[in-house]
Engineer: 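Quick one: the structure is below, questions incoming.
In the text below, chain A, chain B and the rest are named by the order of the sequence lines, each starting its count at 1. Hydrogens, waters and symmetry mates are skipped; everything else that's a heavy atom, side chains included, is used.
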There are 2 protein chains.
Amino acid sequence: MRSYGQYCSVAKALDVIGDRWTLLIVRELLARGPSRYTDLRSGLPGIATNLLADRLREMEAAGLVEREDAPPPIATTLFRLTDRGGELEPVLSALGRWGVPLMRDYRPEDAFLGQWLRLPVRMFLADHEPDRPSVSIQVRAGDQAVVIDADGGRVSLRLGADPDADATITGPPPRVLALFSGSVALDDAEEQGLQVTGSREAVQRVLPRAGRAAGADGTASA
Amino acid sequence: MRSYGQYCSVAKALDVIGDRWTLLIVRELLARGPSRYTDLRSGLPGIATNLLADRLREMEAAGLVEREDAPPPIATTLFRLTDRGGELEPVLSALGRWGVPLMRDYRPEDAFLGQWLRLPVRMFLADHEPDRPSVSIQVRAGDQAVVIDADGGRVSLRLGADPDADATITGPPPRVLALFSGSVALDDAEEQGLQVTGSREAVQRVLPRAGRAAGADGTASA
DNA sequence: CTGTATCCGCCCAGATACTG
DNA sequence: CAGTATCTGGGCGGATACAG
């Protein structure tokens with residue numbers, strides 16, 4: 001990217017991460033951890049392979065990404081964020097939060113991947129009952145299934161289905177996001193097309209509670 | 001900007017503010033308040049006038065900016081951030097903080113404007129002695145002079161010179177930024193080419209103190 | 001003086017095909 | 001699996017001309 005040529009830390013930051021796709025690559029690496037080239041590409045629908053290669057090279061040169069040749073049994077290259085790259089997390093977080101109201105407009109052509117729930121889960125969900133036995137909640141939004149685990153105060157997300165989950169949430173991505181971001185209560189979400197089977201208590205355990213809501217309905221306060 | 005076509009709040013946010021110059025226009029409007037077209041242009045050295053016009057129109061359509069026809073005596077149009085636009089402040093803040101270590105590389109061709117100190121001042125400086133009489137500190141970095149006022153716990157910045165200031169700091173922009181961001185102590189900054197005349201006490205009153213330092217030297221922790 | 005519109009040349013983004 | 005090579009269109013920067 002052409003430099004802005006301004007001695008200002010915002011401009012300097014944008015000189016490094018202002019290129020198209022760069023921050024989304026960081027998102028993938030934050031959400032997935034060290035990843036193979038092919039996995040990055042499939043997590044970034046719409047990116048051209050040459051652009052991904054270009055960006056990874058630039059990000060490596062800028063010290064955001066390292067490539068690591070995995071040990072013999074795997075025999076592939078992994079891309080991982082450096083510490084400096086990981087420090088972009090607050091930027092992604094602020095951007096993601098600002099973007100929540102925009103999630104109202106869901107277009108049929110929009111791609112959706114279950115792994116993209118990782119950042120919202122980290123941002124909005126919490127285990128409000130850390131002393132109770134762990135629960136798992138399967139989420140089916142879009143094609144892939146993911147499972148959210150609440151265990152001892154921590155909430156995490158793993159990819160894949162789990163028929164033994166305590167609860168299963170099924171519905172279109174916008175309804176799931178509205179529920180997770182706290183802009184819609186569970187009861188209302190169900191009326192709006194979200195199906196919940198199994199333990200509703202397990203779901204309530206992790207949902208954001210009043211006072212922690214994030215104004216995801218577009219009425220966020222300043 | 002072409003949409004990423006991804007149902008993810010980061011991607012949606014970048015669909016809106018990912019265009020080149022957009023966030024820098026927000027920076028200007030945050031730092032200066034409602035501004036005339038010409039003032040925006042002079043605060044964004046390097047931007048082409050058509051691009052500025054394009055961006056302002058797009059930002060207006062996206063609900064980030066409003067144009068306001070100023071009352072008769074002024075007879076000009078002012079551009080101001082909407083509430084929604086102002087909510088980008090945390091994004092700018094996170095970006096600016098991440099960019100601080102990049103301020104080490106100062107290139108002679110880099111433009112520098114005094115008003116760009118507004119965000120660093122807000123971010124790093126504080127009035128540590130709110131009960132004492134107000135002080136003003138003139139800063140001469142680059143061509144324009146600015147004055148920092150510490151008054152009753154608040155720190156603010158105004159453009160222009162002030163020969164009656166309690167102290168004056170003169171030096172190259174990188175030295176001033178290093179001082180303000182807390183990565184260099186006042187004594188060290190003076191050894192590195194910063195001139196301080198008048199009350200050093202007034203300067204110390206607003207500088208960041210240990211424990212609030214921001215790792216501006218590139219050693220910031222995760 | 002302030003703000004907008006038009007033209008041009010260049011580079012980046014994007015799509016596709018292909019290779020180690 | 002992990003890219004490179006090639007081609008095309010559009011965004012961008014820059015200059016300039018125009019309108020209130």
Engineer: Provide, to the nearest angstrom, the distance between the OH atom belonging to A:Y4 and the C1' atom belonging to D:dC12.
Structural biologist: 11 Å

Engineer: I want to check one thing: is the phosphate of D:dG13, taken as OP1 and OP2, less than 4.0 Å away from some side-chain N or O of B:W21?
Structural biologist: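 For B:W21, the contact criterion (side-chain N or O under 4.0 Å from OP1 or OP2 of D:dG13) is met.
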
Engineer: Nearest nucleotide by nearest heavy atom, which residue falls closer to the 5' end of DNA chain D, A:Y37 or B:R20?
Structural biologist: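 On the 5' side of the pair lies A:Y37.
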
Engineer: Remember a base hit wins even if backbone is also touched, and classify A:F79 as base, sugar-phosphate or nothing at under 4.0 Å, heavy atoms.
Structural biologist: sugar-phosphate

Engineer: So does B:T76 get a side-chain nitrogen or oxygen closer than 4.0 Å to the phosphate oxygens (OP1/OP2) of C:dG3?
Structural biologist: yes

Engineer: Considering only NZ, NE, NH1 and NH2 on the basic side and carboxylate oxygens on the acidic side, decide whether A:D110 and A:R107 come within less than 4.0 Å.
Structural biologist: no

Engineer: Using OP1 and OP2 only, check whether a side-chain N or O of A:R57 sits under 4.0 Å from D:dT4.
Structural biologist: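 Yes, such a contact exists.
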
Engineer: In terms of side-chain heavy atoms of B:A48, which of C:dT16, D:dA15, D:dG14 is nearest?
Structural biologist: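 From the listed options, D:dG14 comes nearest.
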
Engineer: So A:T38, base contact, sugar-phosphate only, or nothing? Heavy-atom distance under 4.0 Å.
Structural biologist: sugar-phosphate

Engineer: Nearest whole Å is fine: how far is C:dG3 P from B:L44 CG?
Structural biologist: 14 Å

Engineer: Starting at CD1 of A:I25 and ending at C1' of D:dG3, how long is that distance when rounded to a whole Å?
Structural biologist: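 Taking atom C1' of D:dG3 as the reference, CD1 of A:I25 is at 14 Å.
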
Engineer: Separation of A:I47 atom CD1 from D:dG3 atom P, in whole Å?
Structural biologist: 13 Å

Engineer: Which nucleotide wins on minimum distance to the side chain of A:R67, given the candidates D:dC12, D:dG3, C:dG14?
Structural biologist: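 So the side chain of A:R67 is nearest to D:dG3.
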
Engineer: Please verify the inter-ring angle class for A:Y4 with B:W21; under 30° counts as parallel, over 60° as perpendicular, anything in between as tilted.
Structural biologist: perpendicular

Engineer: Send over the distance from B:L24 CG to D:dC12 C1', rounded to a whole Å.
Structural biologist: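 Whole-Å distance recorded here is 15 Å.
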
Engineer: By nearest atom, which of the nucleotides C:dA13, D:dG3, C:dT4 is closest to the B:T49 side chain?
Structural biologist: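 Nearest to the side-chain atoms of B:T49, counting from C-beta on, is C:dT4.
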
Engineer: If you assign each of A:N50 and A:R2 to its closest nucleotide in DNA chain C, which residue comes earlier from the 5' end?
Structural biologist: A:R2

Engineer: Is there a side-chain contact between B:L117 and B:L157 in this structure, where contact means two heavy atoms from C-beta onward sitting under 4.5 Å apart?
Structural biologist: yes

Engineer: Given C:dT4, D:dG13, D:dG3, identify the nucleotide with an atom nearest to the side chain of B:A53.
Structural biologist: C:dT4

Engineer: Are the aromatic rings of B:F124 and B:F180 close, with centres under 6.0 Å apart?
Structural biologist: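 No - the distance between ring centres of B:F124 and B:F180 does not fall below the 6.0 Å cut-off.
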
Engineer: Could you tell me the separation between the CG atom of B:L51 and the C1' atom of C:dC12, rounded to a whole number of Å?
Structural biologist: 14 Å

Engineer: Taking for each residue the nucleotide of DNA chain D with the nearest heavy atom, is it A:R41 or B:R55 whose nucleotide lies nearer the 5' end?
Structural biologist: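 So the residue in question is A:R41.
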
Engineer: Over how many whole Å does the gap from B:D15 atom CG to D:dG11 atom P extend?
Structural biologist: 14 Å

Engineer: So that I can tick it off, tell me whether A:E87 and A:R84 are bridged by a salt bridge, with the cut-off set at under 4.0 angstrom between side-chain N and carboxylate O.
Structural biologist: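 A salt bridge links A:R84 with A:E87.
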
Engineer: Please report the distance, rounded to the nearest Å, between CG in B:L52 and C1' in D:dG14.
Structural biologist: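 It is 14 Å, rounded to the nearest whole Å.
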
